[in-house]
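Down below is the structure, laid out as structure tokens.
Note on naming: letters A, B, ... go to the chains in the order of the sequence lines (proteins, then strands), and numbering restarts at 1 for each one.
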There are 2 protein chains.
Amino acid sequence: MGSTATRSSGRRQRSATALAPVPPTRFDQRLKEILAHATDVFCQKGYEGASMRDLSRASGMSLAGLYYYFESKERLLFLIQKHTFSTIVRRLKARLEGVDDAEERVRIFILNHLEYFLANQQAMKVLSHEAEALKNGFASELAAIKREYYRICVGLLDDLKRERELQFSTRIAVLSLFGMMNWIYTWHNPRVDADAEAIAREMGDIFLQGVMTGGRGRGR
Amino acid sequence: MGSTATRSSGRRQRSATALAPVPPTRFDQRLKEILAHATDVFCQKGYEGASMRDLSRASGMSLAGLYYYFESKERLLFLIQKHTFSTIVRRLKARLEGVDDAEERVRIFILNHLEYFLANQQAMKVLSHEAEALKNGFASELAAIKREYYRICVGLLDDLKRERELQFSTRIAVLSLFGMMNWIYTWHNPRVDADAEAIAREMGDIFLQGVMTGGRGRGR
DNA sequence: ACTCTGTTCGAACGAACGTTCGAATTATTC
DNA sequence: GAATAATTCGAACGTTCGTTCGAACAGAGT
């Protein structure tokens, strides 16, 4: 009776050989709804500032009822962050497939990031802003995804550097780019600002021309 | 007896005509120490995650004793953020004085920001990361400083735009620049990364060449 | 009708939270 | 050294926190 809350991940592993998509159970469905409501609350009040009673109110389920779907508040945050981050990485890989031009690949990276960011602004804010909230096991599993995403971007920029014989610090460039993009959750206003495509073009222009102009002599 | 905690700001206003610097009282001195310790704790655990008992332990003062120096946890955060932000704006103004070249002025802005950021990394993280933690009166007073700082940067970029006849969205450019710079608190490692001057040069190169190359046709 | 499994909830747990109060202690002034 | 003011503290306030427990409810299969 006590272990029902971990049922979901266990259930999904039935028949590891079958490639057919597993139909979402009622349990998975309801969990998804709760995650969505929790994302809103975490976004508004922050992880520490949001109480389980806030989540209960937002999702229309009793306080105790929530614990049927996950075993702790921390695991709930983990599920949100992991799903969000995994999705953005998966979409990026799909979009990069078949594109060879180095500059175009960087532009795809930027567009993918910003499009997902603005389409899922709340989840992405929770991912960006609560990056330090998880501990130990949860933290390290998420750090692994983060590192993979970071390495992909480093690869794209190194390719560009080689192709155009540029010289700049990849580390500073990548982290500057992440900063430009992730900071958007602090200022983007859908009633004032352009859509993701336009912003991606403008940021892409600034970043790429910044990195591609000047050629040798800078950085190391 | 109950109003002693507001003594400091009241005391400072004696003889508004005198320009001589007011010698820091014992009260001001001790408050400053507490603010420094509180900055460390807020930086490590976040504003919501840090308890008054954590602050008590860190500053070596009893829980009740803290309330002699400020009337609430929120006001404590406000004092930290206001002092940090005011200082960076004051220093910027002093550094910009006498410099006419538009590009140089932008570079001074970047250098000032990053130098202060890395020299006071904990305070700047608290300023960046806890930007939404304050409510109502506290929030609006801080928003005023923030707006002034933002407007200064907009002015610098508009000057550059006019001088070089460039075309780009000032808003996107300014906010991208802030993103590049403020994100640094998530990744900077003093044992791995260069000092503020070198990073400021690299970020300045990326940003300025990004904004200055291409000329007309982009943005609006 | 009965059982079994999956789902929901009211009530409560102990711990920790921000804040207050009056007394005790320390520094300053005469 | 007595009197006054500034500073510190132990103890407690009422509230809210994350989590647990056992009972109640629903639906499907027999």
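Cation-pi geometry between Lys73(B) and Tyr47(B) is met: the NZ or CZ atom falls under 6.0 Å from the ring centre, inside 45° of the normal.
Whole-Å rounding puts the Leu31(B) CG to dT7(D) C1' distance at 14 Å. Residue Leu66(B) contributes atom CG, which lies 17 Å from atom P of dA11(D) at whole-angstrom precision. Whole-Å rounding puts the Leu76(A) CG to dT19(D) C1' distance at 14 Å. As rounded to whole Å, 12 Å separates atom P of dG10(D) from atom CE of Met61(B).
Taking the six-membered ring wherever Trp is involved, the centroid distance between the rings of Phe109(B) and Phe207(B) does not fall below 6.0 Å. Under the 6.0 Å cut-off for aromatic ring centres, Phe70(B) and Phe78(B) do not qualify, their centroids lying 6.0 Å or more apart. Under the 6.0 Å cut-off for aromatic ring centres, Tyr116(B) and Phe85(B) do not qualify, their centroids lying 6.0 Å or more apart.
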Output one line per pair: protein atom, nucleotide atom from nucleotides 24-30 of chain C, and distance, for all N/O pairs under 3.5 Å.
none

Are there any protein N/O atoms within less than 3.5 Å of an N/O atom in nucleotides 16-20 of chain C, and if so, which ones and at what distance?
{"residue": "dC17(C)", "atom": "OP1", "partner": "Ser51(B)", "partner atom": "OG", "Å": "3.4"}
{"residue": "dG18(C)", "atom": "OP1", "partner": "Ala50(B)", "partner atom": "O", "Å": "3.4"}
{"residue": "dG18(C)", "atom": "OP1", "partner": "Lys73(B)", "partner atom": "NZ", "Å": "2.9"}
{"residue": "dG18(C)", "atom": "OP2", "partner": "Met52(B)", "partner atom": "N", "Å": "2.7"}
{"residue": "dG18(C)", "atom": "N7", "partner": "Arg53(B)", "partner atom": "NH1", "Å": "2.9"}
{"residue": "dG18(C)", "atom": "O6", "partner": "Arg53(B)", "partner atom": "NH2", "Å": "2.9"}
{"residue": "dT19(C)", "atom": "OP2", "partner": "Tyr67(B)", "partner atom": "OH", "Å": "2.8"}
{"residue": "dT19(C)", "atom": "OP2", "partner": "Lys73(B)", "partner atom": "N", "Å": "3.0"}
{"residue": "dT19(C)", "atom": "O5'", "partner": "Tyr67(B)", "partner atom": "OH", "Å": "3.4"}

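OP1 or OP2 of dT7(C) has at least one side-chain nitrogen or oxygen of Tyr68(A) nearer than 4.0 Å. An OP1 or OP2 oxygen of dG6(C) is reached within less than 4.0 angstrom by no side-chain nitrogen or oxygen of Arg30(A).
Ion pairing between Arg105(B) and Glu97(B) fails under the 4.0 Å rule for side-chain N and carboxylate O. Salt bridge present: Lys82(A) and Glu141(A) bring a charged side-chain N and a carboxylate O closer than 4.0 Å.
For DNA chain C, no neighbouring residue in residues 32-42 of chain A is found when judged by any heavy atom under 4.0 Å.
In this structure, Ala38(B) and Leu76(B) approach most closely via the heavy-atom pair CB-CD2, 3.9 Å.
Partners of Thr186(A) according to the side chain to side chain donor-acceptor pair (under 3.5 Å) rule, which considers only residues two or more places apart in sequence or in another chain, are Trp183(A). Residues satisfying the side-chain contact (heavy atoms from CB on, under 4.5 Å) criterion with Glu48(B), sequence neighbours excluded, are Glu48(A). Residues that satisfy the ring-ring contact (aromatic ring centres under 6.0 Å, His included) test with Phe117(B), not counting sequence neighbours, are His113(B).
Within the 4.5 Å cutoff, side-chain heavy atoms of Arg30(B) are placed close to those of Met61(B).
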